[in-house]
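I have placed the structure first, in the form of structure tokens, so that the comments after it can refer back to it.
Hydrogens, waters and symmetry mates are skipped; everything else that's a heavy atom, side chains included, is used.
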Amino acid sequence: MASLYNQLQMLKVEGCSISPLFINDNSTDATCEKLMEMNVQFLDNPINIGIGGTVQLGFMYAFEKGFDFAVQMDGDGQHPPKELHKLLQPLLNSEADVVIGSRFIDKVGFQSSTLRRLGINFFSHLNKFLVGASIKDSTSGYRAYNKKAIFELVEYYPDEYPEPEAIVYLTNKGMQIKEVSVVMNERVMGVSSIRQFSTIYYMIKVSLNSIFLHLKMRSNG
Amino acid sequence: MDKIQIIAIIAVAFFIGLIARFIVKGKLRTEYSIIWGLMGIIFLVFSLWRRSLDLLAEFFGVYYAPSLIFIFFFFMIFIFLIHLSVVNSKQHEQIKKLAQEIALLKERSSNGSCKV
């Protein structure tokens, strides 16, 4: 966490000022105290609300502060801040509303395991089938959004394993999504929120969520 | 009076007492008090007046009277469980929203402190 913050602090993107936000989702360890010690911008959830609600809270914060762009990034070292400019460039050029950092375009950096890639591929195809979005790295959580997209995300963001479903949502809302190549690392600490046992459950749940959401949004016009 | 009828009446009395207690203590919302109160009354009628079930079965043309109980209560319980799932899903969203608002408020009011 501290090393990520240091990297973020040193980070400069042409024409942007960056304001990193940390959110403690009611961790039982001393995360919150640590954040206070580091003297950074942070939010502290009163109860555990899970990944979706917490990421959405970040969007609510960005919306409230009137930021032009919001970036979400895994805190476990998978997403190197030095690649950030690649995500922001299409937003600055107004080429897209949402930019997703992808490992699979140029196939450089950490590529994940075969099994995981299979899953990611499956969601890619599901998204393509549902909304015609061709996002290769469908589960990537390294994403940047403009104001228009932030507004939509404050309205709705999926609860659990939100990444693939968010693509369905944003596409249905008419957002332009662009995928850019970034180099990712292997996570240096912590475990993925997607573990072995629950993989099948995860796949089914995300698929159903995506399909239900799509049908709901289609029927509401 | 058969043994089973006495047991049934005692059980129903216990059930009604339980519901009454929850209502008095304000632990049940009115809509649920109505549902469970009605259930209690239905149970009471069946336990006091044994022939009622047979008459009802005859009326509906059900040959084996107890199966009427199963079909009726399965149906009721199913509907009620679906209702509770809907309520639960709604509350899940509401609680999430509240927690998010609190987190934002905490930041605004104390600018970065842990707990409230």
Side-chain angles (χ1 to χ4, degrees), chain A residues 1 5 19-67 70 72 150 153-160 162 169 205 208-209 212-213 216, chain B residues 15 18-39 70-116:
Chain A
M1 206 159 61
Y5 182 67
S19 148
L21 173 74
F22 290 79
I23 304 179
N24 173 33
D25 191 17
N26 204 249
S27 267
T28 44
D29 55 17
T31 302
C32 189
E33 284 72 19
K34 180 83 191 165
L35 287 169
M36 258 179 94
E37 214 173 276
M38 278 160 59
N39 201 21
V40 295
Q41 281 282 3
F42 73 91
L43 300 176
D44 183 40
N45 289 350
I47 52 168
N48 180 273
I49 56 174
I51 176 172
T54 303
V55 171
Q56 189 184 34
L57 178 56
F59 300 137
M60 291 165 85
Y61 180 85
F63 182 70
E64 193 184 88
K65 299 269 166 174
F67 291 161
Q72 79 181 83
I150 295 170
L153 292 164
V154 168
E155 287 294 306
Y156 176 78
Y157 193 70
D159 255 337
E160 289 168 83
Y169 172 72
K205 194 165 174 179
L208 284 179
N209 274 348
F212 289 164
L213 177 78
K216 194 171 105 187
Chain B
F15 177 78
L18 201 71
I19 302 299
R21 212 176 119 93
F22 282 137
I23 294 173
V24 170
K25 286 200 163 185
K27 286 191 174 176
L28 270 182
R29 285 178 60 83
T30 317
E31 59 257 43
Y32 297 128
S33 322
I34 294 169
I35 291 173
W36 292 117
L38 279 175
M39 282 290 185
F70 291 127
I71 221 165
F72 177 71
F73 284 102
F74 261 1
F75 184 71
M76 292 291 283
I77 290 168
F78 243 79
I79 297 287
F80 194 62
L81 282 180
I82 292 169
H83 164 74
L84 287 183
S85 300
V86 172
V87 171
N88 186 276
S89 304
K90 190 177 156 201
Q91 285 183 339
H92 181 92
E93 282 305 303
Q94 289 173 328
I95 291 169
K96 186 179 79 183
K97 186 103 191 112
L98 275 177
Q100 289 171 331
E101 292 292 340
I102 289 173
L104 287 172
L105 276 174
K106 262 163 76 175
E107 195 270 338
R108 238 178 284 155
S109 66
S110 59
N111 205 19
S113 70
C114 303
K115 310 286 173 292
V116 234

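- The OH atom of Y61(A) sits 15.0 Å away from atom CD of Q100(B), with the distance rounded to the nearest 0.5 Å.
- Residues of residues 82-98 of chain B lying under 4.5 angstrom from chain A, judged on non-hydrogen atoms, are H92(B), E93(B), I95(B), K96(B), K97(B) in numerical order.
- In this structure, L43(A) and A103(B) approach most closely via the heavy-atom pair CD2-O, 3.7 Å.
- The shortest heavy-atom contact between E107(B) and F42(A) is CG-O, 3.7 Å.
- No more than 12 heavy atoms of other residues, nucleotides or ligands sit less than 6.0 Å from atom CD1 of I71(B).
- Within 6.0 Å of the CZ atom in F72(B), the count of heavy atoms belonging to other residues, nucleotides or ligands exceeds 12.
- Within 6.0 Å of atom CZ in F212(A), 12 or fewer heavy atoms from other residues, nucleotides or ligands are found, so the atom counts as exposed in its surroundings.
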